[in-house]
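Along the sequence shown, the residues carry numbers beginning at 1.
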Amino acid sequence: MKKVLLAGAIALFGLSNAQIAKGTTYLSGTVNFAASEDNNTNVKTNDLKLVPTVGYFVGTNLAVGVGVGYASNVEKTETATVNTKNTISAFVVEPFVRKYWTLGEKFYIFGQLSVPMAFGSDKGENNISNTSNKETFNSFGVSVKPGLDYFLNKNWTLEATIGDFGYSNFKYKDAKSVDNYNFGLDLASVGIGVKYVFAK
């Protein structure tokens with residue numbers, strides 16, 4: 001009976017000794033663009049995020065890496081009398097460490113600890129006073145994300161992150177900081193991506 005249960009567990013979880021070797025490098029990242037237009041308020045928004053990521057396995061199934069890129073949000077309001085524009089842009093950097101656990105020959109779960117940081121500006125313009133104002137800001141945080149990784153072949157993988165646990169601090173130069181805490185496994189916040197592995 002015990003042998004039957006053990007065989008069933010192995011078949012269910014696909015446990016194996018498949019490992020990701022030390023010295024392996026991979027490339028991934030985030031590319032996102034979104035736009036919206038509200039015809040009731042005449043507000044148009046554009047969001048852009050471009051953060052390429054490189055990871056390096058310093059040990060078996062243990063990787064460190066960093067993502068470096070740019071993020072922006074532009075909001076415009078255009079009416080017969082008022083034209084306003086608000087632009088938020090930031091340089092983004094996110095070092096991380098990621099640990100993998102093997103579920104099968106091509107299937108892994110992982111946990112990632114990262115320290116996301118952003119340094120940018122918030123600029124507002126309007127045609128009423130014909131002026132503009134600009135404030136600088138910075139933010140940093142600590143984030144833990146669980147995820148799944150499936151190797152489609154030796155070079156390409158499909159990965160998913162589920163939820164986010166962490167803390168972030170946001171501060172304008174001449175203002176008090178804002179602290180945020182986030183804890184939860186929300187299936188609505190599942191992130192799907194691909195990465196390229198330089199397999200040996």
Side-chain angles (χ1 to χ4, degrees), residues 2-34 48-71 90-119 138-169 180-200:
K2 290 182 179 180
K3 292 182 179 180
V4 174
L5 292 175
L6 179 60
I10 293 174
L12 177 62
F13 294 104
L15 297 174
S16 75
N17 293 318
Q19 307 289 331
I20 304 175
K22 177 182 178 180
T24 302
T25 303
Y26 70 84
L27 293 177
S28 184
T30 300
V31 179
N32 183 63
F33 176 77
L48 172 66
K49 188 172 185 180
L50 178 61
V51 185
T53 299
V54 60
Y56 177 79
F57 282 82
V58 295
T60 302
N61 287 0
L62 179 65
V64 298
V66 64
V68 178
Y70 172 80
F91 170 71
V92 179
V93 58
E94 185 171 359
F96 65 88
V97 59
R98 178 183 284 195
K99 172 64 177 176
Y100 283 83
W101 290 272
T102 306
L103 289 181
E105 183 180 356
K106 298 181 178 181
F107 193 35
Y108 301 81
I109 61 172
F110 64 81
Q112 177 173 295
L113 171 65
S114 63
V115 183
M117 296 174 281
F119 310 91
N138 61 73
S139 70
F140 74 92
V142 178
S143 174
V144 176
K145 291 183 178 181
L148 302 169
D149 207 344
Y150 180 76
F151 276 70
L152 301 172
N153 53 47
K154 71 175 184 177
N155 296 117
W156 291 100
T157 82
L158 183 66
E159 68 175 42
T161 56
I162 306 170
D164 190 3
F165 302 83
Y167 160 81
S168 65
N169 175 282
N180 294 289
Y181 301 87
N182 186 37
F183 300 95
L185 288 173
D186 185 359
L187 293 179
S189 64
V190 173
I192 304 294
V194 296
K195 69 174 181 288
Y196 183 82
V197 180
F198 293 90
K200 293 184 176 182

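- Between Y108 and W101, the ring centre distance reaches or exceeds 6.0 Å.
- Separating the CG atom in N169 from the OH atom in Y181 is a distance of 8.5 Å, to the nearest 0.5 Å.
- Going from atom CD of Q112 over to atom OG of S143 covers 7.5 Å, rounded to the nearest 0.5 Å.
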Review item, side-chain donor-acceptor pairs of residues 20-32, under 3.5 Å, at least two apart:
residue: T24; atom: OG1; partner: A21; partner atom: O; Å: 2.8
residue: S28; atom: OG; partner: V194; partner atom: O; Å: 3.3

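- Rounding to the nearest 0.5 Å gives a distance of 9.0 Å between CG of L158 and NZ of K195.
- T60 and K99 make their closest contact through O-NZ, 3.9 Å (heavy atoms, listed as atom of the first residue, atom of the second, distance).
- In terms of heavy atoms, A118 sits closest to A90 at CB-CB, 4.2 Å.
- The only member of Y196, Y150, F151 that meets ring-ring contact (aromatic ring centres under 6.0 Å, His included) when paired with W156 is Y196.
- The heavy-atom pair separating S114 from E94 by the smallest distance is OG-OE2, 2.8 Å.
- The side chain to side chain contact (heavy atoms under 4.5 Å, CB included) test applied to F119 returns F91, V93, M117, N138, not counting sequence neighbours.
- Atom-to-atom distance recorded for D164:CG and F183:CZ is 9.5 Å, nearest 0.5 angstrom.
- The list of side-chain hydrogen bond (donor to acceptor under 3.5 Å, both in side chains) pairs with a residue in residues 49-59, not counting sequence neighbours, is empty.
- Closest approach of G55 to F96, counting heavy atoms only: CA-CZ, 4.3 Å.
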What do the steps show when you test F110 against N61 for side chain to side chain contact (heavy atoms under 4.5 Å, CB included), and what is the final call? CA-CA 9 Å; F110 64 81; N61 287 0; over 6 Å; no
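- Using a 4.5 Å heavy-atom threshold, the side chains of V197 and K154 count as separate.
- T102 OG1 to D149 CG: the interatomic distance, rounded to the nearest 0.5 Å, is 11.0 Å.
- I192 CD1 to E159 CD: the interatomic distance, rounded to the nearest 0.5 Å, is 9.0 Å.
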